[in-house]
Amino acid sequence: QVQLVESGGGLVQAGGSLRLSCAASGRTLSAYTVAWFRQVLGKEREFVAGIRWTSDTTQEADSVKGRFTISRDNAGTTVYLQMNSLKPEDTAVYYCAARSGSYLFTTPGGYDYWGQGTQVTVSS
């Protein structure tokens, strides 16, 4: 069982930056694939970025490519989402998710473990 806790959300002006963290407890993430999703009230949860722990390969959604970067620590406990050049349309609740194995799903149904979410608000 993996427990995930997100942190780092907040209010920022357009063009600013935030770094989200996803901390795992219960076990390390070294055999997992971890992804960030975001959701606006009334809309479906959408894929933002993901990382395969064993190969350290990443994938980002087209909407954030070149602005957001996903990374991990070497201890196997934390995944980060560095968000630069933020836009008002990036405003959402951001969730961290994990699944055992190396396949990187871009749909929420592929993940077994979820954090509680952290709010990111970008003002214009």
In terms of heavy-atom contacts, Thr57 and Ser55 come closest through OG1-OG, 2.8 Å
- prompt: Do side-chain atoms of Asp73 reach the backbone of Thr78 as a donor and acceptor pair under 3.5 angstrom?
  reply: yes
Output for pair (Arg52 CZ, Ser102 OG), nearest 0.5 Å, gives 7.5 Å
In terms of heavy-atom contacts, Lys43 and Gln39 come closest through O-NE2, 3.0 Å
Count the heavy atoms of every other residue, nucleotide or ligand shown that sit under 6.0 Å from CG of Asp56, and state whether that count exceeds 12.
yes
Margin query: Run the side chain to side chain contact (heavy atoms under 4.5 Å, CB included) test on Arg72 and Cys22 for me, step by step, so that the C-alpha distance in whole Å, both residues' side-chain angles and the decisive distance to 0.1 Å come before the verdict.
Written below: CA-CA 9 Å; Arg72 61 169 179 81; Cys22 172; over 6 Å; no
Within the side chain of Thr118, is there an N or O that forms a donor-acceptor pair under 3.5 Å with the backbone of Gly9?
yes
Besides Val120, the hydrophobic cluster formed by Ile, Leu, Val, Met, Phe, Trp and Tyr side chains linked at under 4.5 Å, directly or via other members, contains Val2, Leu4, Val12, Leu18, Leu20, Leu29, Tyr32, Val34, Trp36, Val48, Ile51, Trp53, Val64, Phe68, Ile70, Val79, Leu81, Met83, Leu86, Tyr94, Tyr113, Val122
Partner of Phe47 under ring pair (Phe, Tyr, Trp, His ring centres under 6.0 Å), picked from Tyr95, Phe37, Tyr111, is Phe37
Notebook entry, point to check: Quick one: does Thr33's side chain have a donor or acceptor within less than 3.5 Å of a partner on Gly101's backbone?
Noted result: yes
- Item | Test item: Arg67 side-chain N/O and Ser85 main-chain N/O as donor-acceptor pair under 3.5 Å | yes
Can Lys87 and Asp90 be counted as an ion pair, charged N to O under 4.0 angstrom? no
| said: Looking at Gln82, is its backbone amide N or carbonyl O close enough to the side chain of Arg19 to form a donor-acceptor pair, meaning the two atoms are under 3.5 Å apart? | reply: no
Check your understanding: Is a side-chain donor or acceptor of Glu6 paired with a backbone partner of Gln116 at a separation under 3.5 angstrom?
Key -> yes
Ala92 and Arg38 have their tightest heavy-atom pair at CB-CB, 3.8 Å
Requested in this report: Considering only NZ, NE, NH1 and NH2 on the basic side and carboxylate oxygens on the acidic side, decide whether Lys65 and Glu60 come within less than 4.0 Å.
Outcome: no
